[in-house]
Amino acid sequence: MSQRVRVRFAPSPTGPLHIGGVRTALFNYLFAKKHGGDFILRIEDTDQNRYVEGAEQYIVDALKWCGLAFDEGPGQKGNFGPYRQSERNLLYKQYAEELIANGKAYYAFDTAEKLDFHRKDHEAKGKTFIYNWHNRLKLDNSLSLMPEDVQKRLDAGEDYVVRFLTPPDEKLHLKDIVRGNIEIDTNVLDDKVLFKSDGMPTYHLANIVDDHLMEITHVIRGEEWLPSLALHQQLYDAFGWNAPEFAHLPLIMKPVGKGKLSKRDGEKMGFPVFPLSWNESIGYKEEGYFSEAVVNFLALLGWNPGTEQEIFSLEELVETFSLQRVNKSGARFDPDKTKWYNQQYLQTKTNAELAKLYADILHEKSIAVDEKPEDYLENVVGLIKERAVFVADFWDLSDYFFVPPTSYNEKAVKKQWKEGTPEILNRLVSVLEGISDFSSVNVETIVKDWIGQEELSFGKVMPPLRLVIVGDMKGPHLFDIMAMIGKADSITRIQKAISALA
Ligand code: GLU
């Protein structure tokens with residue numbers, strides 16, 4: 001590749017970015033960075049009717065959270081700005097006119113009502129109305145009207161759109177990096193509107209003019225844009241411009257059944273489909289996902305490294321990524337796998353990092369930890385993180401490190417609490433009282449020796465002991481827990497349970 005690689009992510013601010021959109025941004029970013037090129041954010045906001053307040057900021061925030069810094073874009077310096085199409089508004093008309101002047105496009109005056117009539121009329125006959133070679137001369141446009149008539153209408157300020165004049169009887173040979181060669185017969189295409197009566201370009205015109213002016217070398221976008229490729233290629237040819245290379249990414253599919261992953265799938269099955277929260281829809285961030293986990297699982301939706309490796313940092317992804325390894329077929333979304341990724345990333349965090357996050361949760365619950373040793377939280381986290389998927393799981397896994405149990409698992413009580421249990425535990429209290437070094441190893445040695453000397457079985461002592469310390473049969477090594485909560489608390493918990501379960 002001799003030219004500097006330049007790619008763009010070009011969302012329309014019509015709502016929050018779906019994770020499919022984040023994946024498109026990610027693949028663009030990876031490709032740009034892999035080739036030492038530029039990653040550009042362009043906001044395609046020419047359709048004022050679909051504009052949603054706050055959506056652009058959401059897009060910027062989402063990219064930032066994922067660590068996908070753009071080199072050029074709104075609010076960022078760059079030599080190809082402005083990067084919002086609404087601010088480039090005046091630019092597009094001249095290109096529409098250039099095409100008309102060169103016989104590649106035409107004015108069409110058909111009213112919305114007329115077109116609607118044709119559409120309905122066709123429908124009633126079981127056909128689809130397509131505005132193209134077979135009927136354009138019967139419709140109201142600069143191909144069917146006399147030139148003077150056209151001029152008169154334009155001078156009178158009549159509403160018009162500009163349509164692309166699709167040449168009939170041609171075979172287009174399109175190239176897509178993911179899908180290979182595609183052949184299209186131009187006779188099946190319609191004469192798409194390039195410029196609207198409201199004085200704004202359509203997506204198609206603005207998109208290819210900007211890709212050209214911004215010197216985009218590779219267009220990497222979702223498969224839903226593949227049907228536009230024929231028109232886009234023809235527009236490049238009509239202008240006499242070199243087209244960029246295209247790569248259309250496979251759809252992200254529902255976890256079960258057929259079709260594209262939708263917001264409703266997330267609502268039904270309880271997983272986020274947005275990176276950040278948007279109104280009442282919770283995002284991956286707010287659900288407690290690490291951004292690295294999200295980036296990692298998105299990368300593997302539709303791309304495969306060709307190895308068994310599943311965990312990739314962003315840097316590793318940049319190194320390994322290639323469009324040649326993007327799959328043709330849709331990528332099924334697996335909510336369980338996203339959780340697995342988060343669990344993996346949680347394990348790679350230091351106890352200090354996790355303790356900081358956990359401290360916020362404890363603060364919200366008004367659990368004071370000031371009187372605990374400085375490394376208490378870190379030690380707790382170190383003991384339980386293996387079982388956690390999210391930091392929010394920590395509390396259920398470790399509440400007993402902060403507050404004594406207020407109830408005891410009923411099933412466990414039935415099974416473990418025998419007639420002789422209170423008496424054994426009372427004797428154990430005396431043993432514990434005599435221990436001055438209350439470290440896990442020391443308590444374990446002394447308690448185990450005592451069990452041996454008294455000829456008690458482990459089963460008679462250890463399960464009830466766990467039950468009274470933790471309130472349940474869960475948790476890490478019991479002597480670690482006892483050492484952490486300390487001698488006084490351990491003894492109090494045993495005594496309290498003896499009277500509570502009497
Ligand atoms: N504005 C289009 C979108 O919202 C961009 C498609 C493209 O990348 O060409 O996805």
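Note that ligands are numbered from 1 as they come in the structure, with each ligand's atoms numbered from 1 the same way.
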**OP:** Indicate the ring-plane relationship of F239 and W241, choosing parallel, tilted or perpendicular according to the 30° and 60° boundaries.
**Re:** parallel
**OP:** Out of F9, W225, Y203, indicate the one that has the non-hydrogen atom closest to atom 3 (C) of ligand 1.
**Re:** W225
Subject >> All side chain to side chain contact (heavy atoms under 4.5 Å, CB included) counterparts of L323, not counting sequence neighbours >> reply: F31, I177, I220, A247, F321, V326
Original post:
Would you call K33 and E319 a salt bridge, taking side-chain N to carboxylate O under 4.0 Å as the test?
Top reply: no
Original post:
When you check the gap from the basic side-chain N to the acidic O, do D211 and R8 get nearer than 4.0 Å?
Top reply: yes
Subject >> Any E224 heavy atom less than 4.0 Å from ligand 1 >> reply: no
**OP:** Compute the shortest N/O to N/O distance between A10 and ligand 1 and return yes if it is under 3.5 Å, no if not.
**Re:** yes
Original post:
Does K385 have any salt bridge (Lys or Arg N to Asp or Glu O under 4.0 Å) partners at least two apart in sequence or in another chain, and if so, which?
Top reply: none
**OP:** Give the numbers and elements of all ligand 1 atoms closer than 4.0 Å to a heavy atom of E44.
**Re:** 1 (N), 2 (C), 5 (C)
Original post:
Near N207, which atoms of ligand 1 are under 4.0 Å from a heavy atom of that residue?
Top reply: 7 (C), 9 (O)
Subject >> Closest approach of any protein heavy atom to atom 8 (O) of ligand 1, naming residue and atom >> reply: R8 NH1, 2.7 Å
